[in-house]
Amino acid sequence: MFEIKGFTPRNYQNSILETAKQANTLIILPTGLGKTAVAILLAVHELNKNPESKILITAPTKPLVAQLCREFQNKTNIEKEKINLLTGAVAQNKRENLWINSIIIGATPQTIQKSLEKNLLNLNSVSLLIIDECHRSRMRYATTILAKDFKNKILALTASPGNTKEKIEEICQNLSIENIEIRTEQDEDIQEHIQKKSTENILVELPEEFSELQKLLKDVKNEKLMDLKKVGFTKPTYLISKKDLILLQNRFRQEITRKSFVAFYGISLVSQILKLDHALDLLETQGLNQLREYFEKMKTETSKASKVILNNEKIKKAMQVTEDLSKKFKHPKIHKLKEIIFTELTINPESKIIVFANFRNTVNDIVNELKSLNNVRPIFLLGQKEGITQKQQIQTIKNFEDNTFNVLVCTSIGEEGLDIKGGAKLAIFYDSVPSEIRNIQRKGRVGRLEAGRIIFLMTKDSRDIAYFWTSKRKEVKMRNIITQIKNKKEKQLKL
């Protein structure tokens, strides 16, 4: 007989479980309120119904998969050696044995997809497929492919499904979802379990020394925007958004097949504008080192767009100014970040702090700067694309949990689903993101066991501000849509 241990299900978890027992279910539940616990409850139920079956858990990152496997080891009486992680590092000739000898298997969906394609395993023995962070299950993502031919029960989990009804419906269609269980922060049955989170916006100003560099980049970008008239794009330059540029780029790509000269010129021009826009973004929201490294990267590129930009006299001057300034100045965000962290750890020496940043070189800069502060023990968490192994990622999280390090500086890998034991007291967003999903996931890393703080660190009059308000609008829209779906579902049940 399989059983849970170490926790007592809450009323709303038991209620959701009863729905999930009946059919494929999507659970939309705020971060920190125990989606994984429901998955464990349902897995135990399915195993007791089908003792010879297996449970497959998928999540987008290996650290998250490893964490989910640990949850099953700690909260069920299933033998630990029967709960295993299947990764690309497992040799193909050993995958079949690992699969046969496991009851619970955790893996990224890509690993399972590739194993299926090579006939190294099949899903016939799987009675329950658990898909964590299921908001990714759109278009041709690996979970969509897995779910297509899966014959048994599916449980899909997310805190942030997307900000349109169409996105949520696409997820449901791709995963053959029949029931949706939604809880919002307004629901009475979860109110007592929600921890308060205070939010603070801290703005910094770019130093005057950056102004010349900023003007050089803006001048060249505006010149290129004016050139868009040559390809028939007449929208006023001050209204042209990044989305407009990407759509225009896609249009030109389609026209290139007809060997249109305008399309060849247009696609290079748009590429130049996007590169200049990114350079400005780095200057305003990241720092001079990041901008300098971006210029160096462009020197290695063979595209016409990069060559045209680097041959521009104003850009040549901008590169020299960047080189000179980087020896004397840091971005003001770095100084403010150090001040915030030093103050927090002086007042609360046992605090754990997470810092989110979008770029690896920014993460490295932050860690190096924080090392100079007393009582601040920083460590970075990066993805495997950055050359970090899964073992190193898991060890990093463990070292942060046991307070060997007290500041975790991470890229997007730290956003999705990771549950730090003991929780983080403070999260600092070094830069803003326009995605409501990423924003919600970042916020979800604090205030899991006790009240927490979130600080948005932003540069005045920069992309930071625009992204902050974009994600906020999308988040409100998403919550309204979730509430509408919930209300519609409740009305249907009453009929």
Side-chain angles (χ1 to χ4, degrees), residues 6 31-32 36 57-76 79-91 94-95 98 102 104-111 132-133 341 345 349-373 375-428 430 441-442 444-446 448-449:
T31 299
T36 304
I57 314 163
T58 70
T61 66
K62 290 174 184 175
L64 181 50
V65 175
Q67 179 179 285
L68 291 169
C69 285
R70 286 199 303 273
E71 288 285 299
F72 272 81
Q73 289 174 342
N74 294 333
K75 293 179 178 176
T76 71
E79 298 169 71
K80 290 191 176 183
E81 59 268 24
K82 297 288 185 181
I83 302 174
N84 289 303
L85 198 58
L86 179 61
T87 73
V90 177
K94 294 182 179 178
R95 288 190 196 186
L98 184 143
S102 299
I104 307 285
I105 302 104
T108 62
Q110 293 88 346
T111 299
D132 199 13
E133 307 295 345
I341 289 174
L345 290 172
E350 299 304 311
S351 271
K352 287 190 175 72
I353 301 169
I354 298 180
V355 181
F356 292 103
N358 280 329
F359 300 98
R360 175 182 179 145
N361 48 10
T362 300
V363 168
N364 288 337
D365 272 4
I366 291 170
V367 170
N368 289 334
E369 287 289 324
L370 292 178
K371 283 178 179 177
S372 66
L373 300 176
N375 302 321
V376 178
R377 302 182 300 280
I379 191 171
F380 59 75
L381 177 65
L382 300 170
Q384 290 192 318
K385 287 180 182 176
E386 312 291 347
I388 309 300
T389 67
Q390 176 207 338
K391 189 175 180 181
Q392 288 171 318
Q393 290 171 334
I394 293 169
Q395 187 61 45
T396 294
I397 295 166
K398 185 176 181 298
N399 288 342
F400 182 61
E401 288 176 338
D402 66 18
N403 216 29
T404 304
F405 299 95
N406 54 12
V407 181
L408 183 69
V409 187
C410 54
T411 52
S412 59
I413 192 167
E415 295 170 359
E416 283 192 310
L418 290 180
D419 184 10
I420 307 297
K421 284 180 184 174
K425 185 78 174 174
L426 170 64
I428 303 169
Y430 187 81
Q441 288 170 334
R442 282 182 171 190
R445 298 315 109 212
V446 297
R448 298 175 82 89
L449 299 178

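In what follows, every heavy atom counts, from backbone to side chain, and hydrogens, waters and symmetry copies are set aside.
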Q.
For a side-chain contact (heavy atoms from CB on, under 4.5 Å) check, start with the C-alpha distance between Leu345 and Ile353, then their side-chain angles and the critical distance, and finish with the verdict.
A. CA-CA 9 Å; Leu345 290 172; Ile353 301 169; 4.0 Å; yes
Q | Check: Ile354 and Cys410 side chains under 4.5 Å, non-hydrogen atoms | A | yes
(Q) Quick one, Val409 and Glu369 - any side-chain contact, counting heavy atoms below 4.5 Å? (A) no
Q: Step by step, work out the side-chain contact (heavy atoms from CB on, under 4.5 Å) result for Ile341 and Val355.
A: CA-CA 10 Å; Ile341 289 174; Val355 181; 4.0 Å; yes
Q.
Please report the interatomic distance CG(Leu408) to CD(Glu401), rounded to the nearest 0.5 Å.
A. 10.0 Å
**Q.** Interatomic distance, Gln392 atom CD to Ile397 atom CD1 [nearest 0.5 angstrom]
**A.** 12.5 Å
Q) Could you give the distance from CG (Leu85) to CD (Gln67), rounded to the nearest 0.5 Å? A) 12.0 Å
Q. Does a sphere of radius 6.0 Å around CD in Glu350 hold more than 12 heavy atoms from other residues, nucleotides or ligands, not counting ones at 6.0 Å or beyond?
A. no
**Q.** CG on Leu86 to CD1 on Ile57, rounded to 0.5 Å
**A.** 12.0 Å
(Q) Could you report the tightest heavy-atom contact between Thr87 and Thr111, atom names first, then the distance? (A) C-CG2, 4.0 Å
Q) What residues, two or more places apart in sequence or in another chain, satisfy ring-ring contact (aromatic ring centres under 6.0 Å, His included) together with Phe359? A) His278
Q: Rounded to the nearest 0.5 Å, what's the gap from CG on Leu98 to CG on Asn84? Could you check?
A: 4.5 Å
Q. Which pair of non-hydrogen atoms, one from Leu64 and one from Pro60, has the smallest distance, and what is that distance?
A. CD2-CD, 4.1 Å
**Q.** From NZ (Lys80) to CG (Asn74), nearest 0.5 Å
**A.** 5.5 Å
Q. Looking at Val407 and Phe400, what are the two nearest heavy atoms and their distance?
A. N-CE1, 3.8 Å
Q) Nearest heavy-atom pair of Thr108 and Val65: which atoms, and what distance? A) N-CG2, 4.0 Å
Q: Please name the pair of heavy atoms, one in Gln393 and one in Pro63, separated by the smallest distance, quoted to 0.1 Å.
A: OE1-CG, 3.0 Å
Q. So with a 6.0 Å cut-off around CZ of Phe380, is the heavy-atom count from everything else above 12?
A. no
Q.
Within the supplied structure, the quantity of interest is the number of heavy atoms (other residues, nucleotides, ligands) at a distance under 6.0 Å from Asp402 CG; does it exceed 12?
A. yes
(Q) So which atom in Asn358 and which in Arg442 form the shortest heavy-atom distance, rounded to 0.1 Å? (A) OD1-NH2, 3.3 Å
**Q.** Audit row: Thr404, Ile379, side-chain contact (heavy atoms from CB on, under 4.5 Å) steps and yes/no
**A.** CA-CA 9 Å; Thr404 304; Ile379 191 171; over 6 Å; no
